[in-house]
Amino acid sequence: MTDALTCDIVRNWICKTAEVMAENRAYLTELDSAIGDADHGNNMDRGYKAVIEKLPDGDDVGALLKAVSMALISKVGGAAGPLYGTMFLQASKPLMGKSEIGFDELAQFFDDAVAGVKMRGKADVGMKTMLDALVPAAEAFRAAGSVSDGLEAAVVAAEKGMKDTIPMIATKGRASYLGERSRDHQDPGATSSYLIIKALRDAASEAA
Amino acid sequence: MTDALTCDIVRNWICKTAEVMAENRAYLTELDSAIGDADHGNNMDRGYKAVIEKLPDGDDVGALLKAVSMALISKVGGAAGPLYGTMFLQASKPLMGKSEIGFDELAQFFDDAVAGVKMRGKADVGMKTMLDALVPAAEAFRAAGSVSDGLEAAVVAAEKGMKDTIPMIATKGRASYLGERSRDHQDPGATSSYLIIKALRDAASEAA
Amino acid sequence: MKKLINNAEDVVVEQLKGFGAAHPEIEVHIDPTFVNVAGGVKDRVAVMSGGGSGHEPLHGGFVGVGMLDAACPGPVFTSPTPDQMYEAGKAISGGKGILQIVKNYTGDVLNFQMAADMLRDEGIEVRNIIIDDDVALKDSLYTAGRRGLGTTVFAEKICGAASLEGYDLDQLAALCKKVNINGKSMGMALTPCMTPQNGTPSFELAEDEIEIGIGIHGEPGVERTKIKTADETAEILTRHILEDEAYTRKLSEWDPASGDWVDVELADITFAKGDEVIALVNGMGGTPVSELYTIYGKLAELTEAAGIKIVRNLVGNYITSLEMAGVSITLVKVDEELLRLYDAPVNTPALRWGC
Amino acid sequence: MKKLINNAEDVVVEQLKGFGAAHPEIEVHIDPTFVNVAGGVKDRVAVMSGGGSGHEPLHGGFVGVGMLDAACPGPVFTSPTPDQMYEAGKAISGGKGILQIVKNYTGDVLNFQMAADMLRDEGIEVRNIIIDDDVALKDSLYTAGRRGLGTTVFAEKICGAASLEGYDLDQLAALCKKVNINGKSMGMALTPCMTPQNGTPSFELAEDEIEIGIGIHGEPGVERTKIKTADETAEILTRHILEDEAYTRKLSEWDPASGDWVDVELADITFAKGDEVIALVNGMGGTPVSELYTIYGKLAELTEAAGIKIVRNLVGNYITSLEMAGVSITLVKVDEELLRLYDAPVNTPALRWGC
Ligand SMILES: Nc1ncnc2c1ncn2[C@@H]1O[C@H](COP(=O)(O)OP(=O)(O)O)[C@@H](O)[C@H]1O
Ligand SMILES: Nc1ncnc2c1ncn2[C@@H]1O[C@H](COP(=O)(O)OP(=O)(O)O)[C@@H](O)[C@H]1O
Ligand SMILES: [Mg+2]
Ligand SMILES: [Mg+2]
Ligand SMILES: [Mg+2]
Ligand SMILES: [Mg+2]
C-alpha cells in the first residue's frame with residue numbers, strides 16, 4: 001500500500017464511498033428503523049450521489065474534500081448531513097492546495113474530522129453515535145505510525161467501535177428517545193463511518 | 001295450529017322476531033356487506049330491541065302492530081326502517097281495535113304489507129329486494145285458504161323467494177350500485193323478511 | 001379493531017358529546033340525535049341535512065353561520081330516522097320553512113321524506129332536495145340512481161349563504177337543484193374501512209388492488225383494478241367527470257301545488273370549454289393531505305388542457321368514509337350567483353372564511 | 001405500498017407542485033426546496049420554519065398572512081438542508097431580520113443553525129428558537145431532549161401575528177420562547193406509518209398494541225402497551241401533560257452580544273388550577289376526526305376537573321405522521337398577550353379565521 005495519498009487516490013476513495021453507500025442503503029436504513037426514523041441509508045446514498053455529481057477536477061485534495069463537505073451539507077439532511085459535512089469541512093482546511101498527503105497530514109485529517117463532529121454535535125464517545133467509530137479510528141491511525149499500517153489499524157478500530165455501539169444506550173440523536181430500548185442495536189451512523197474509513201483503506205491499497 | 005291469531009300470538013310473534021333478529025344480526029350484516037354497506041343485521045336488531053321496549057299492553061292487534069311500525073321507523077334507519085315501518089303501518093290500519101284476526105284479515109294483512117313496501121320504495125318483485133320474499137308469501141297465504149296451511153305455504157314461498165334473489169341483478173337499493181357484481185348474493189332484506197314470516201308461523205304453531 | 005373509541009355501540013353519542021364540548025356555539029341533542037346552531041333560526045329559511053355517521057366533517061362539521069342550521073347524524077353508515085329530522089326541524093324552524101338537503105341513498109331519501117311529511121303535518125313548510133352527483137353510476141333506470149358525494153358540501157355552503165341573503169323556500173329549493181345539476185363527483189379507494197359495530201373490513205382489497213367508483217358507505221365501487229400512480233388515478237376520475245354525458249333522471253320532490261310527492265325530471269349539465277368551476281379534492285379519511293395535493297396537481301393540469309378554469313378549490317377531508325384511504329374529486333360549474341354565495345362568509349367547525 | 005404517489009423518490013416535489021397550483025398566493029421553489037408568501041416580507045420580521053415532510057399541513061400549510069412567511073420541507077421524515085433555509089431566508093427577508101422556529105430534533109437544529117450562520121454572513125439578522133414540548137421524554141441530560149410537537153403550530157400562529165403587529169426580532173424571539181415554555185404535548189399511535197422511500201412500516205405493532213409517547217417521524221414511542229379505550233388513552237396523555245413537573249434544560253441560542261451560539265437555560269411552566277389554555281387534539285393522519293372528538297370530550301372533562309379552562313381549541317390533523325393512526329394532545333397556557341395574538345386574523349391553507 002502506498003505511503004502517501006495522491007489526489008487520485010482521494011478521488012477514488014470518494015467514488016468508492018458513493019458505491020458503498022448505494023450498496024448499503026437498505027442496510028443502513030434498516031439499522032436506523034430499529035432505533036431511529038429509518039432514513040440514514042437513504043440520506044447517505046442521496047448525499048454521496050450528489051457528491052459524485054459535484055466533484056471538481058484538478059489535484060487539490062483540500063478542494064476535493066471541501067466539495068464533498070458542501071455536497072453532503074446540502075443533500076444529506078437529517079443529523080448526519082451537518083455532522084459529516086462539518087467533519088469534511090474542518091478536515092479539508094489544512095489540506096487546501098495540497099496534491100498529495102502523507103502520514104502526518106492524514107493523522108491531522110482524522111483528528112480534525114473528529115473535532116468537527118464533536119463541535120457540531122456536542123457529543124463524545126460512548127453516546128452511541130458515529131463518534132464511537134471515528135474516535136478509535138483516529139487514535140489507531142496515529143498510533144500506527146505509517147499510512148498503510150495506520151489505515152489497516154483504523155479500519156479494525158472503526159469496526160470494533162461500530163460493534164461496541166450495540167450494547168450502548170444512546171444519549172444523543174434520535175435513538176436517545178428510546179432510552180433502554182436503544183440497547184442491542186448497532187448505531188447506523190457509526191456503521192456509515194466505518195464504511196467510509198474502510199473505503200479509504202481500499203482505495204489506498206488498490207493504489208499499491 | 002290455531003286458525004285465528006289472538007293478540008297474545010301476535011305479541012309472541014313480535015318477541016320471537018326480536019330474538020331471531022338478535023340471533024341473525026351477524027348473518028344479515030354479512031349478507032349486506034357483500035352487496036350493501038354491512039349494516040342490515042345491526043339495523044334490524046337495533047329496531048326490534050326498541051320494538052320490545054315500546055310494546056303496549058292490551059289486546060288490540062292493530063295498536064300492537066302500529067307500535068311495531070313506530071318503533072321500527074324511529075330506530076332501524078337505513079332503507080329497511082321506512083320500508084318495514086310503512087309495511088306495518090299500512091297493515092295495522094284495518095286491524096285497529098281487533099283482538100283476534102282470522103284468515104281473511106291475515107290475507108289482507110299480507111296484501112297491505114306488500115302494498116306499503118311497494119308504495120314507499122317504488123319497487124317490485126325481481127329487483128332483488130325484500131319484496132321478492134314478501135310478495136310470493138302473500139300470494140301463497142291467500143291461495144292456501146286457511147291460516148295454518150297459509151302460514152306454512154307463506155314460509156315456503158318466502159324462503160324460495162329469498163333464495164331466488166341470489167341470481168338476480170339488483171336494480172333497487174344499495175346493491176344496485178354493483179350492477180352485474182350484485183349477482184350470486186342473497187339479498188339481506190329478503191332474508192330478514194323471510195325470518196319475520198317464519199317467526200309468525202312458529203308463534204302460531206306453538207299456540208296450537 | 002384499532003380505533004379511538006369507548007363503546008362501539010355508542011360511538012356516535014360519545015363523539016357528539018366531544019363535538020359539543022369543542023363547539024359551544026352548536027347545541028347537541030342525543031335522543032333523538034341532532035345538532036343545531038344554538039338559538040335556532042329567525043325569520044329566514046332553515047337549512048338542514050343529515051345522513052349516516054362516519055363521513056365527518058359532513059354534516060355536523062358544516063353546522064354554523066352561513067351553512068347548515070342543523071344536521072342529523074345516523075348510526076355509522078346508516079341513515080338517520082324521521083324522528084331525528086322532525087325534532088331538528090321543529091328546533092330550528094324560523095317560520096319561513098325548511099330546506100332538507102339529502103344525499104341520494106334509498107335510506108336517506110325515504111327517512112327524510114317521512115320526516116318532511118311529519119313536519120308538514122305540524123304546519124311547517126318543507127322542501128326536500130336530493131343530491132345525486134356520482135358519475136361512477138351511469139344509469140338511473142336499473143339502479144337506485146347516482147349517489148350523493150362531494151357536491152353535497154357545496155350545496156350546503158351555497159344554500160346556507162343564500163338563506164342569509166334572504167332567499168325564500170322556493171328560491172332555495174331551486175338553487176339547491178341548480179347546484180346539484182352543476183356538480184359531478186367520482187371517488188376511489190386504496191383500502192376499505194371498518195365500522196365500529198362490525199370490526200371487520202367492509203370489503204376485501206388485495207395489496208395491489210384499488211376500487212374505482214367507490215361509495216362513501218364502505219360499499220364496493222363499480223370497478224376493481226390494479227393499483228395505479230397518483231396521476232393515472234387522478235386522470236381516471238377527472239376524465240369520467242369531464243366526459244360524463246348529459247344525465248337525465250327523475251327525482252322525487254314535494255309539489256306544494258298538488259300537495260304530493262312527484263317525480264321531477266332533471267338533466268345535469270355537461271362540462272365544456274370556458275366553464276368556471278370550483279374543485280374539491282377530497283380525502284376519504286385515511287389518506288394524508290400531502291397525497292391529495294398530487295391529485296390536485298394533475299386535476300389542474302387536465303382541466304386547464306380542457307379549457308376549464310378552476311376558480312376556487314378545496315383540498316382536504318370533507319366527506320369521508322371513516323379511515324378509508326382514497327380520494328374523490330368534485331367539480332361544480334359556477335356562475336356569478338353560485339360563486340358569490342360560495343365566497344360569502346362562513347363559520348363552521350370544518351369550513352371557515354370571511355369572518 | 002398503497003399510496004397516491006407517482007414516484008417515491010420524488011414525492012415531495014410532486015406534492016409541492018400540486019400545493020402551488022392550489023394556492024397561487026404561495027410561491028413554490030423546487031431547487032432548493034422552499035415555499036414562501038408571494039412577494040416576501042416588507043418592513044417587519046420574517047417568520048420561517050421547516051422540517052422533514054410527512055407532517056402536513058405542518059409547515060407549508062401554515063404559510064400565509066398572519067403565520068409563516070416561508071417553510072422549508074425536507075425529504076419525508078428527514079430535516080431539510082441549510083441551503084434551503086438560506087435561499088428561503090434571502091427570498092423573504094424584509095430588512096428586520098428572520099425568526100427561525102425549529103422543532104427540537106438533532107437534524108433540524110443542526111441544519112437550521114448552519115443556515116443561520118450562512119444568512120448572518122449575508123448581513124441578515126437571524127434568531128433560531130427551538131420548540132421542545134414533548135413531555136413523553138423526561139430528561140434532557142441523557143437524551144437529545146424533548147421533541148417538538150403541537151406547540152410548534154401555536155408558536156407559528158402567535159409569532160406570525162406578532163410580526164404583523166410590529167414586534168421586533170428580539171421581542172419575537174422572546175415571544176417564541178414564551179410559547180414554548182408554556183406548551184406541553186404528548187402523542188400515541190395505534191398504527192405505524194410507511195415512508196414512500198422505504199415502503200415498509202416504520203415499526204411493528206401487534207393488532208392489540210399501541211405505542212405511547214410516539215414521535216412524529218415514525219420513531220417508536222417511549223412505551224408499548226395493550227390497546228386502550230379512547231377515554232383511557234386521553235387520560236394517559238392528559239395526565240402526563242397536566243402532571244409534568246418543572247422541566248429545565250439548556251437550549252442552544254444565538255447570542256448577538258457575544259456573536260456566538262450559547263446554551264441558555266429554560267424552565268417550562270407547570271399547569272395549575274385557574275390556568276387558561278388553548279387545547280389541540282391532533283390527529284396523526286389516519287384517524288377520523290370523529291374519533292378525535294371523543295378524545296377532546298375526555299380532555300375537556302379532565303381539564304375542568306383540574307380547574308383549568310380551555311379558552312380555545314383545535315380538533316383535527318395539524319402535525320401528522322403520514323397515514324399513522326393516533327392522536328396527540330397539546331395544551332398551551334395563555335395570557336392576554338398570547339390569546340390576543342392567537343385570535344388575530346390568519347389566512348393559510350390549513351388555518352384560517354378573522355378574514
Ligand atoms: N449529536 C450527535 N453527534 C454525533 N453523531 C450524531 C449525533 N446525533 C446523531 N448522530 C448520528 O447520526 C445518526 C443518524 O443519522 P440520520 O438518520 O441520517 O439522521 P436523523 O437521526 O436526523 O434521521 C445516528 O446513528 C448517529 O450516529
Ligand atoms: N326501494 C326498495 N324497495 C324495497 N326494498 C328495498 C328497497 N331498497 C332497499 N331495499 C331493501 O333494503 C335492504 C337493505 O336494508 P338496510 O341495509 O337496512 O338499508 P341500507 O341499504 O340503507 O343500509 C335491501 O337488502 C333490500 O332488500
Ligand atoms: Mg434517521
Ligand atoms: Mg345496509
Ligand atoms: Mg346503511
Ligand atoms: Mg431523519
Side-chain angles (χ1 to χ4, degrees), chain B residues 25-26 28-30 32-47 49-50 69-86 89 117 119-123 126-130 168-182 185 189, chain C residues 9 32 51-52 54 74-84 86 105-115 118 134 136-147 192-195 197-198 200-204 213-224 250 252 261 263 321:
Chain B
R25 173 184 171 136
L28 292 171
T29 294
E30 190 192 317
D32 195 31
S33 75
I35 55 174
D37 60 349
D39 63 359
H40 188 56
N42 308 335
N43 298 347
M44 295 304 291
D45 181 39
R46 184 178 54 245
K49 280 196 166 55
S69 157
M70 289 302 136
L72 293 180
I73 288 171
S74 67
K75 279 284 172 276
V76 175
L83 290 163
Y84 280 126
T86 308
L89 190 63
V117 172
M119 183 271 280
R120 177 62 64 191
K122 302 204 183 71
M127 296 178 169
K128 198 167 185 140
T129 73
M130 55 178 65
M168 290 181 186
I169 296 176
T171 57
K172 285 283 181 184
R174 214 176 281 282
S176 66
Y177 303 144
L178 291 175
E180 270 294 341
R181 287 163 71 191
S182 64
H185 296 284
Chain C
E9 289 303 313
V76 175
F77 290 174
T78 296
S79 66
T81 53
D83 55 320
Q84 297 174 247
Y86 172 76
Y105 300 90
T106 305
D108 295 48
V109 171
L110 298 184
N111 284 282
F112 267 99
Q113 286 180 345
M114 292 183 96
M118 290 160 69
D134 183 357
L137 301 165
K138 289 286 158 239
D139 103 312
S140 64
L141 220 56
Y142 299 106
T143 72
R146 291 184 166 181
R147 299 169 290 209
C193 58
M194 207 183 268
T195 63
Q197 309 95 292
N198 298 341
T200 53
S202 50
F203 53 87
E204 300 294 340
I214 195 79
I216 54 170
H217 298 90
E219 64 265 48
V222 294
E223 187 199 355
R224 185 164 297 193
K250 288 198 163 65
S252 183
W261 294 94
D263 283 348
S321 277

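Every chain is numbered from 1 and lettered A, B, ... according to where its sequence line falls, protein lines coming before strand lines.
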Seminar exercise, completed: Of the listed Pro82(C), Gly74(C), Pro201(C), the one with the largest count of heavy-atom pairs under 4.5 Å with chain B is Pro82(C)

Interface moiety of [X] toward chain B, non-hydrogen atoms closer than 4.5 Å:
X: Ser252(C); answer: side chain
X: Pro75(C); answer: side chain
X: Leu137(C); answer: side chain

What pair of heavy atoms forms the shortest contact from [X] to [Y], and how long is it?
X: Thr106(C); Y: Ala79(B); result: CG2-CB, 3.8 Å
X: Gly145(C); Y: Tyr177(B); result: O-CE2, 3.4 Å
X: Tyr105(C); Y: Arg174(B); result: CD2-NH1, 3.5 Å
X: Thr81(C); Y: Lys75(B); result: CG2-N, 4.0 Å

Atom [atom1] in [X], atom [atom2] in [Y]: separation rounded to 0.5 Å?
X: Thr195(C); Y: Asp37(B); atom1: OG1; atom2: CG; answer: 9.0 Å
X: Arg46(B); Y: Gln197(C); atom1: CZ; atom2: CD; answer: 7.5 Å
X: Thr78(C); Y: His40(B); atom1: OG1; atom2: NE2; answer: 11.0 Å
X: Ile73(B); Y: Asp83(C); atom1: CD1; atom2: CG; answer: 9.5 Å

Exercise. Going through the distances and angles, do Asp263(C) and Lys122(B) end up as a side-chain contact (heavy atoms from CB on, under 4.5 Å)?
Worked result: CA-CA 11 Å; Asp263(C) 283 348; Lys122(B) 302 204 183 71; 4.2 Å; yes

When [options] are compared by non-hydrogen pairs under 4.5 Å with chain C, the top option:
options: Gly85(B), Gly173(B), Ser182(B), Gly81(B); result: Gly173(B)
options: Ser176(B), Gly78(B), Gly179(B); result: Gly78(B)
options: Ala38(B), Ala34(B), Ala175(B); result: Ala38(B)
options: Ile169(B), Leu178(B), Asp32(B); result: Leu178(B)
options: Val76(B), Ile35(B), Asn43(B); result: Asn43(B)

For this session: Before accepting this row, confirm whether a basic side-chain N of the pair Lys49(B)/Glu9(C) lies closer than 4.0 Å to the acidic partner's carboxylate O.
Result: no

If I measure from the heavy atoms of chain C, does [X] come under 4.5 Å with its side chain, its backbone, both, or neither?
X: Ala170(B); answer: backbone
X: Arg120(B); answer: both
X: Thr29(B); answer: side chain

Exercise. Hey, does Gln113(C) have a side-chain heavy atom less than 4.5 Å from the side chain of Pro82(B)?
Worked result: no

Exercise. Hey, are the side chains of Met114(C) and Thr86(B) touching, using non-hydrogen atoms and a 4.5 Å cut-off?
Worked result: yes

